[in-house]
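Just below is one structure, and these are the notes that go with it.
Not measured: the values here are computed from a predicted model.
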Amino acid sequence: MSRAIRVTKAVAVASLFGAATIVAPAANAAQEPSMTITLDATATGKTVDVAYKDSGVQYYANDGRKAMSRYGAMAFFVDYGDDSDPDGYDGRPGLTCETTGPTSPFRDSVSSGYSHTYRKAGTYTITATGYYCGEGGLQTVEKTTTVNIAKPAPAPKVSAAAHIEYTVDGLTATLVPSVTGTQHEMKYGRNKHAKYGVPLVYTMSFPEGAEVSGGATKGGIKRATCTKHGSVEFDPVMLSGDPVFVTFPKPGTYEVTLSADVCTSQRIVSKTVSIVVPPTDPTPTDPTPEPTTPTPKPTEPTPTPTTPVPTTPAPTTPAPTTPVPTTPVPTTPVPTTPVPTTPVPTTPVPTTPTTNTTVPTTTTSTTSATKPGTGPKVETDRMGDDTNALSLGVAGLVGVGALGGIVVARRRLQQ
């Protein structure tokens, strides 16, 4: 074959020390040479693991000096179906097969170590080829199986965060470091994926002069690398195994940092905490509190309830109105100069006293002049007789004076 052959370690050691290192089954010349192969393949992601076994009966092999039995196949190879080198074992150099004579049984088994990672997805045919000494010399047997390499799923999103929880007692702080979140699977050993819930590496740093004891302040998984497959949750335990105790030289503020290399796109996560160590009080204090006298609060005046007093409206007694008697004023005819016309005799008309009902209170004897526009409006019937005119004249005498009334009456009579 033109490609190189990767020889398994177990089979190579057996061929190096020869047949004497293996307890051989008893030879049986009556059996006909034959060979049987079993082949199993298991794919994980792009990686396939192959388990190979063979068994049978074959003629002796001759190294040029003598014929000897073989307790394993003359050779076997596993081809993965791509352009990669096959795995297997080749014990043919320097040997030729007998074609007659006695036979001996043989067997080989490779249950682990045959592993291959494909570069891309697809369906591949894996072929196992075995060689043994049979009729006519070196014979071959093949066994095939197929494996399907699926396209990898998108890498899940993962993220991680570092934490430091702590308490302080005097000059000593108790620290609990941890990492939470998720990360990808790790590759550990030969193409083995491992689901570790711890960082690849973690370290803690402390200020100068601090004394550290207790749990581990650094650690990790040796010979492991990160993949981009899967999602693994970090173990909910402290990284240090036990709490880390840090004693500081004196009171003050100190920084402690946790850094972790994790299988995420960020890779390095860290956390820094500032630890405050308070000064110690040299004078012991009595924890019993001194009794304190409560200060009375000022009392606020209590509002006096007010009862509404019902108000009774005072009765109003209407004042009696006393009619004011009006004394009729006799009208004395004023002598006038005789007019050439025949004088008309005037007969005085007595006026009937009237009662004034519009005065709300008792009036005094003082008579005030009536303002223009406030007295009753008197209409004169121009169609009336002289008697009505005379009566109006007398009423006028009462309002504005006797003399004016006579003049007015006279003029109207003349009209």
Side-chain angles (χ1 to χ4, degrees), residues 1-43 48-64 66-116 118 122-149:
M1 301 180 68
S2 60
R3 288 176 290 174
I5 299 173
R6 292 179 289 181
V7 179
T8 57
K9 185 179 300 184
V11 177
V13 171
S15 63
L16 177 64
F17 288 96
T21 60
I22 302 176
V23 178
N28 187 354
Q31 290 182 324
E32 294 184 0
S34 64
M35 183 178 189
T36 303
I37 296 176
T38 60
L39 183 65
D40 293 320
T42 303
V48 62
D49 294 310
V50 174
Y52 170 88
K53 292 182 181 181
D54 65 35
S55 62
V57 176
Q58 66 181 345
Y59 290 122
Y60 286 9
N62 196 318
D63 61 358
K66 61 179 181 177
M68 65 186 73
S69 61
R70 296 277 303 174
Y71 308 119
M74 294 293 290
F76 58 85
F77 307 101
V78 176
D79 191 300
Y80 296 102
D82 57 2
D83 58 356
S84 63
D85 295 332
D87 282 326
Y89 160 72
D90 189 0
R92 296 170 297 176
L95 297 176
T96 58
C97 288
E98 297 289 323
T99 58
T100 60
T103 61
S104 61
F106 67 93
R107 63 179 177 270
D108 299 286
S109 177
V110 181
S111 59
S112 63
Y114 283 3
S115 180
H116 177 66
Y118 295 96
T123 301
Y124 298 90
T125 299
I126 300 175
T127 303
T129 305
Y131 296 81
Y132 71 102
C133 292
E135 296 292 341
L138 190 63
Q139 304 295 321
T140 61
V141 176
E142 288 188 352
K143 183 72 174 181
T144 62
T145 187
T146 58
V147 62
N148 183 32
I149 303 300

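Checked against side-chain contact (heavy atoms from CB on, under 4.5 Å), V141 has the following partners two or more places apart in sequence or in another chain: M35, I37, Y132. Judged as a side chain to side chain donor-acceptor pair (under 3.5 Å), and not counting sequence neighbours, the contacts of Y52 are D54. Legend: residues meeting side chain to side chain donor-acceptor pair (under 3.5 Å) with Q139, ordered by chain and number and at least two apart, are absent. Applying the salt bridge (charged side-chain N to carboxylate O under 4.0 Å, His left out) criterion to D40, with sequence neighbours excluded, gives no partner residue. Residues passing the side chain to side chain donor-acceptor pair (under 3.5 Å) test with T123 are N148, sequence neighbours excluded.
At least one cation-pi condition fails for R70 and Y60: the charged atom is not both under 6.0 angstrom from the six-membered ring centre and inside a 45 degree cone around its axis.
Counting heavy atoms from C-beta outward, Y124 and Y80 have side chains that stay 4.5 Å or more apart. Looking at Y89 and F77, their side chains never come closer than 4.5 Å, going by heavy atoms from C-beta outward. Using a 4.5 Å cut-off on side-chain heavy atoms (C-beta onward), T125 and T127 make contact. The side-chain heavy atoms of T146 and I126, taken from C-beta on, include no pair separated by under 4.5 Å.
Residue V48 comes nearest to V147 through the heavy atom pair CG2-CG2, 4.1 Å, listed as atom of the first residue, atom of the second, then distance. Nearest heavy-atom pair, S69 versus S104, reported as atom, atom and distance to 0.1 Å: CB-OG, 3.5 Å. Closest non-hydrogen pair, Q58 versus P33, comes out as CA-CB, 4.1 Å. For F106 against V57, the heavy-atom pair with the smallest separation is CE2-N, 3.3 Å. Nearest heavy-atom pair, V50 versus A41, reported as atom, atom and distance to 0.1 Å: CG2-CB, 4.3 Å. Smallest separation of non-hydrogen atoms from N62 and E98: ND2-OE2, 3.0 Å.
Remark: the backbone N or O of K66 is paired with a side-chain donor or acceptor of D63 at under 3.5 angstrom.
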>> One pair to check against side chain to side chain donor-acceptor pair (under 3.5 Å): D49 and S115. What are the steps and the verdict?
In response: CA-CA 4 Å; D49 294 310; S115 180; 2.9 Å; yes
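Atom CZ of R92 is separated from atom SG of C97 by 10.0 Å, given to the nearest 0.5 angstrom. Note that CG of L138 is 12.5 Å distant from OG1 of T99, once rounded to the nearest 0.5 Å. Summarising the geometry, atom CE belonging to M68 is positioned 6.5 Å from atom CG belonging to L95; distances are rounded to the nearest 0.5 Å.
Contacts classified as salt bridge (Lys or Arg N to Asp or Glu O under 4.0 Å) and involving residues 124-146 (residues at least two apart or in different chains) are not found.
Side-chain contact check for Y131 and T129: no donor-acceptor pair (N or O, by modelled atom type) lies under 3.5 Å. Side-chain contact check for H116 and D87: no donor-acceptor pair (N or O, by modelled atom type) lies under 3.5 Å.
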